[in-house]
**Q** 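Below are the structure tokens for one structure; questions will follow.
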Amino acid sequence: MEPLYSPAGVEQRWQRIWEEEGRYAAEPDPSRESFVIALPPPNVTGELHMGHALNASIQDLLIRWHRMRGLNTLWQPGYDHAGIATQNVIERELAKEGLSRHDLGREKFLERTWEWLRKYGGVIMSQLRRLGASVDYRRERMTMDPDYVRAVLRWFVHLWEHGYLYRANRIVNWCPRCASAVSDLEVNHLETDDTLYTIRYPLADGSGDITISTVRPPTMLADVAVAVHPGDERYRDLVGKEAILPIVERRLPIIADERVDPEFGTGAVKITPGHDPMDWEIGRDHELPELTVIGLDARMNDEAGEFAGLTQEDANDRIVARLEDEGLLVSREPFRHAVGHCDRSGDRIEPLVSLQWWCEMKGLAAPAIDVVKDGRVRFKPERYTKVYLDWMENIRPWCISRQLWWGHQIPAWYCENGHTTVAESTPAACGECGSTHLAQDEDVLDTWFSSALWPFATLGWPDDTPELRTWYPNDVSSTDRGIIFLWEARMIMAGLELMHDIPFHTVNIHSTINAPDGRRMSKSLGTGIDPLETVEQFGADATRYGLLKMSSTQDVRFSTGPIEEGRKLANKLWNVSRLMLSNAGDARPDQRPRDVEERWILARLDAARAEIERHLKDFEFAPAVNRLYRVTFDDFCDWYAEAIKPRLYDGDEDARATALAALERLLELLHPVLPHVTEEIWSNLPERKTRLIVTPWPEADEAYASDLDALTRVQEAAEIFRRSGVRVELEGDDARIFEAVVRPGKTVGDGNAAAEIERLQQEIARAEGMLANERFVQNAPVEVVESEREKLARYRRELDAISG
RNA sequence: GGGCGCAUAGCUCAGCGGGAGAGCGCCCGCUUCACACGCGGGAGGUCCCUGGUUCGAUCCCAGGUGCGCCCACCA
């Protein structure tokens, strides 16, 4: 064993061994208590980024911990076909050859996609292996696997049969770049600098005009009305009259609607149902026609008359110039407002009317709200509960159709009589009229429509499989807060609807790791940091440790500091193991306490384990990992190893045997966070019966626990210190003296006495001051006053001890 | 327009009602037979601001300032 622990070789060797020996493999067994996490399926085309690595570290910690606790533990891996993202990748590939997907046609395009995926897809699993992630790699699933496809179609048919689905012409978020509709959740509202144009619309009876404001003059070509607030005195007489739409010369009714804000602009607004969501609703309620002047390519369409074919920018220039000429442009001023942009492409969203499939969500949401409210599904941290509930309680219909080729083609067939037949497999004839001229819907389903089934479709649903019976519901779903609605909420709804049970008990939302400068980590910004680089540089164990330290807060700036701390911990562990192993002689691990040091360290390890378990149960990973560091450095190395070193050298068999036992317990504790270095050391221990990865997590031992009794601890500790040549004065039953006076490495009166004396004098002054304060003595809780008295007494003793 | 989070040492962050902490960085001293990815010692903080509650506030409350995030169909 070398003094400098070098992780690379060790880690990869164990990763290979564990997998080859089937240590990650889980088999269904409904009779055993189980623990299950479904890995949030990364995009097939994706690569491991810091967020994945963080989440994998968390999940693997939980998985390894429960595996050691003896539960039938499954970490289910797999990929999401990632409709738009994947299709974009393939289309970019084609573009390099000067081709578009339409040049290939649907079938060839899909072949091409599969081919690409076979060649370049799915790299993340091997990257996860390098992190030491103990997922059951044999069970890898993808949302486009034949069995999974069957589940998705069943889900669609189920929703259809239960009346949740409908196909309708409505205003949608259209992304011109993706050439597809996207759901509300895939739209980001970004502050955008625009120009607000104020335009005069003459009244039809020539009695004057009404003035409106808009940021998008080109859409006025599709205006069908002008609206004002019903209570707006200024316009009372105009309601019911008509205005003349400039340029087009169309007559527009002036209507009253409460949704118009009288405070904004002139209080009058043009109504364009074809190109604005609110206008669409107003138009629907007032039975106004929908006109469309902007096409799916975001350019002006044929309905735009003389502006047909122009980009909106050009059309804007010409329309504004025209209004100016005609004296109808009242003003133009800078205007900053939120504008929808496609989450995928970044393009400005074009609200327009098109025929899409929708899922009505209210009925699905109701039970999903209940299970969170009654605590059957809980969020960690808890504050996300409110975030979830707020969204769920205001849920709106979900646009689930996408104008793509890569994905689950919608299982709906249309006949020439306009009937719709929905079925899991191609129907022979129309369900209504028996027509055999059927054409399947061209569109595919939103990627998230299929990922909603992840916790059970990966286990074999809709078939009744042993896997499903053993591992559903899952236990934990750990994700980024960005997909609480996109994914978590929909899994809960789908699970309740199809499985009649929650999909998991806990949703863990981890922190977001930002770049060191605080910006978002992103490949395109060049701010991304590759976790595999830190694995390379510091080791997988160190990276896992560091990420876990960064896991708690809502946002954290990435720095290598915590990872280097992890490397330090691994190295320290490695070296203290060398000390014990190279001085073991013929000793065998024996944890029967032989002497105070051993009883003390075993008790300390037990105490640490209790705290760590508590943190893990609370999903508090950073404190857990911090505790591991402290118990290793402070208790095990600085204190215990130093104390027993002379006895190890002397060949004291008891010291050696219990040192090995204590080391074993420390390794067990550390293994879920630092699996590789601990397994490597474990394999060097004498009388090793099995791998550490499957060694039972130690049960609490009453004997050690009772050793934590404060009095016992302080007296024994004092004894050890005396042996090490440290002067210790014990008086009465004061347990705290151990913590306060004789911390390892900080012995009293060793040359730093002056500073210590000063500190103690300050403390004494403070405590005396407090106790002299009558109001304090009278009003403060008794135990607080008592503790101050004790402290004062202790400080005085310590001061005497030092100066005396 | 709503909601949430964060502001503590040069940096990244713990702590969250009675002693201001860690890792890194910095300074000084140590090749003491596990470890220089080490050991020992040290410097370095109006715990964002203003009020309030309290015997006592970095910690609780109110308001403010500054960052960040989420939700949202006012042109």
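Numbers restart at 1 for each chain; the letters A, B, ... are given by sequence-line order, proteins then strands.
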**Q** Which comes earlier along RNA chain B counting from the 5' end, the contact point of W391(A) or that of A268(A), where each point is its nearest nucleotide?
**A**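 It is W391(A) whose nearest nucleotide is closer to the 5' end.
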**Q** Whom does A72(B) pair with, Watson-Crick or G-U wobble, provided both distances fall under 3.5 Å?
**A** none
**Q** Where the side chain of R630(A) is concerned, which of A22(B), C13(B), A72(B) is the nearest nucleotide?
**A**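 Minimum distance to the R630(A) side chain belongs to A22(B).
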**Q** Between Y649(A) and A34(B), does any side-chain N or O lie under 4.0 Å from OP1 or OP2?
**A** yes
**Q** Categorize E263(A) for me: base, sugar-phosphate, or nothing, with a 4.0 angstrom heavy-atom threshold over every strand shown.
**A** nothing
**Q** May I ask you to say what R481(A) touches in the nucleic acid, namely base, sugar-phosphate or nothing, with a heavy-atom cut-off under 4.0 Å?
**A**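 The answer is sugar-phosphate, as R481(A) gets under 4.0 Å only of primed atoms, P, OP1 or OP2.
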**Q** Any idea which of A34(B), C37(B), A72(B) is nearest the E642(A) side chain?
**A** A34(B)
**Q** What does V260(A) touch in the nucleic acid at a heavy-atom separation under 4.0 angstrom: a base, only the sugar-phosphate, or nothing?
**A**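 The residue V260(A) makes base contact.
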**Q** Ion pair present between R378(A) and D618(A), side-chain N to carboxylate O less than 4.0 angstrom?
**A** no
**Q** Using a strict threshold of under 4.0 Å (side-chain N to carboxylate O), is an ion pair present between R567(A) and D541(A)?
**A**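 No, no charged N to carboxylate O under 4.0 Å.
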**Q** Just the rounded figure in Å: distance from C1' of C6(B) to CZ of R519(A).
**A**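 Result: 20 Å.
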**Q** Under 4.0 Å, heavy atoms only, any strand: does F485(A) hit a base, just the sugar-phosphate, or nothing?
**A** sugar-phosphate
**Q** When you compare C13(B) with C69(B), how far apart are their P atoms, in angstrom units rounded to a whole number?
**A** 15 Å
**Q** What nucleotide, of A34(B), C13(B), G68(B), holds the atom closest to the side chain of D555(A)?
**A**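 Closest nucleotide to the D555(A) side chain: G68(B).
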**Q** Given U32(B), is OP1 or OP2 found less than 4.0 Å from the side-chain N or O atoms of K645(A)?
**A**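 So the side-chain polar atoms of K645(A) never come under 4.0 Å of the phosphate oxygens OP1 or OP2 of U32(B).
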**Q** Under a 3.5 Å cut-off for both contacts, is A22(B) paired Watson-Crick or G-U wobble with anything, and if yes, with which nucleotide?
**A** U12(B)
**Q** Could you please name the option among C37(B), C4(B), C74(B) that lies closest to any side-chain atom of Q554(A)?
**A** C4(B)
**Q** Touch check for V269(A), heavy atoms < 4.0 angstrom, all strands: base, sugar-phosphate only, or nothing?
**A**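 Base contact.
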**Q** Quick check for you: to the nearest 0.5 Å, what is the distance between F379(A) atom CZ and L389(A) atom CG?
**A**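 Separation between the atoms: 7.5 Å.
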**Q** Take the protein atom OH of Y629(A) and the nucleotide atom P of C13(B), then report the distance between them rounded to whole Å.
**A** 18 Å
**Q** Partner of U31(B) by Watson-Crick or G-U wobble geometry, both contacts under 3.5 Å, or none?
**A** none
**Q** Applying ring pair (Phe, Tyr, Trp, His ring centres under 6.0 Å), run through Y640(A) and F636(A) and close with a yes or a no.
**A** CA-CA 5 Å; Y640(A) 172 65; F636(A) 200 88; 5.5 Å; yes
**Q** Expressed as a whole number of angstroms, how long is the span from F538(A):CZ to U12(B):P?
**A** 17 Å
**Q** Only pairs with both distances under 3.5 Å count, Watson-Crick or wobble alike; so what is the partner of C60(B) in this structure?
**A**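 The base-pairing partner of C60(B), which may sit in any strand shown, is G52(B).
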**Q** Suppose you measure atom C1' in A34(B) against the same atom in C24(B); what distance do you get, rounded to whole Å?
**A** 23 Å
**Q** Any salt bridge linking R216(A) with E350(A)? Criterion: basic side-chain nitrogen under 4.0 Å from a carboxylate oxygen.
**A**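 Salt bridge flag = yes for E350(A) with R216(A).
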**Q** Roughly how far apart, to the nearest Å, are G3(B) and G63(B) at atom P?
**A**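 Taking atom P in both G3(B) and G63(B), they lie 11 Å apart.
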**Q** Looking at every strand, decide which applies to E564(A) at a 4.0 Å heavy-atom threshold: base, sugar-phosphate, or nothing.
**A**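 It contacts nothing in the nucleic acid.
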**Q** How would you label the contact of R383(A) with the nucleic acid (heavy atoms, under 4.0 Å): base, sugar-phosphate, or nothing?
**A** sugar-phosphate
**Q** If the C1' atom of U8(B) is compared with that of C67(B), how far apart are they to the nearest Å?
**A** 16 Å
**Q** Figure out the CG/C1' separation between N394(A) and C70(B), and round it to whole Å.
**A**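 Result: 14 Å.
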**Q** Paired with G66(B) by Watson-Crick or G-U wobble geometry, both distances under 3.5 Å: which nucleotide is it?
**A**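 G66(B) is paired, partner C6(B).
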**Q** Just to confirm, is there a sub-4.0 Å distance from OP1 or OP2 of G2(B) to any side-chain nitrogen or oxygen of K386(A)?
**A**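 No, K386(A) has no side-chain N/O under 4.0 Å of OP1/OP2 on G2(B).
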**Q** What's the closest nucleotide to the V556(A) side chain, out of C37(B), C13(B), A34(B)?
**A**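 So the nucleotide nearest the side chain must be C13(B).
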**Q** I'd like the P distance from U50(B) over to U58(B), given in whole Å.
**A**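 It works out to 12 Å between them.
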**Q** Assign each of C637(A) and E620(A) to its nearest nucleotide of RNA chain B by heavy atoms, then name whichever residue's nucleotide is nearer the 5' end.
**A**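 Whichever sits nearer the 5' end wins; that is E620(A).
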**Q** Please confirm whether the shortest side-chain N or O distance from R567(A) to OP1 or OP2 of C37(B) is below 4.0 Å.
**A** no
**Q** Say you pick atom P in C27(B) and the same atom in G44(B); how far apart are they, in whole Å?
**A** 15 Å
**Q** Measure from the side-chain heavy atoms of K568(A) and tell me the nearest of C74(B), G38(B), C35(B).
**A**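 Of the options given, the side chain of K568(A) lies nearest G38(B).
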**Q** Can you check the R520(A) CZ to G5(B) P distance for me, whole Å?
**A**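 Spelled out: CZ on R520(A) to P on G5(B) is 18 Å.
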**Q** Contact between F558(A) and T534(A) at the side-chain level, heavy atoms closer than 4.5 Å - yes or no?
**A** yes
**Q** Using the C1' atom in both, what is the distance from G19(B) to G23(B), to the nearest Å?
**A** 22 Å
**Q** What integer number of Å spans the P atoms of U54(B) and C74(B)?
**A** 45 Å
**Q** Between C1' on A72(B) and CG on N188(A), what's the gap in Å once rounded to a whole number?
**A**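 Atom CG in N188(A) sits about 13 Å away from atom C1' in A72(B).
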**Q** What I want to find out is whether R656(A) reaches D652(A) closely enough, with some N-O distance under 4.0 Å, to be called a salt bridge.
**A**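 So R656(A) does not pair with D652(A) through a salt bridge.
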**Q** Is K568(A) salt-bridged to E565(A), cutoff N-O under 4.0 Å?
**A**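 Answer for the salt bridge query: no.
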**Q** Check the distance between C71(B)'s C1' and D184(A)'s CG and give it to me in whole angstrom.
**A** 11 Å
**Q** What is the distance, rounded to the nearest whole Å, between atom CG of L190(A) and atom P of C69(B)?
**A**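 These atoms are roughly 11 Å apart.
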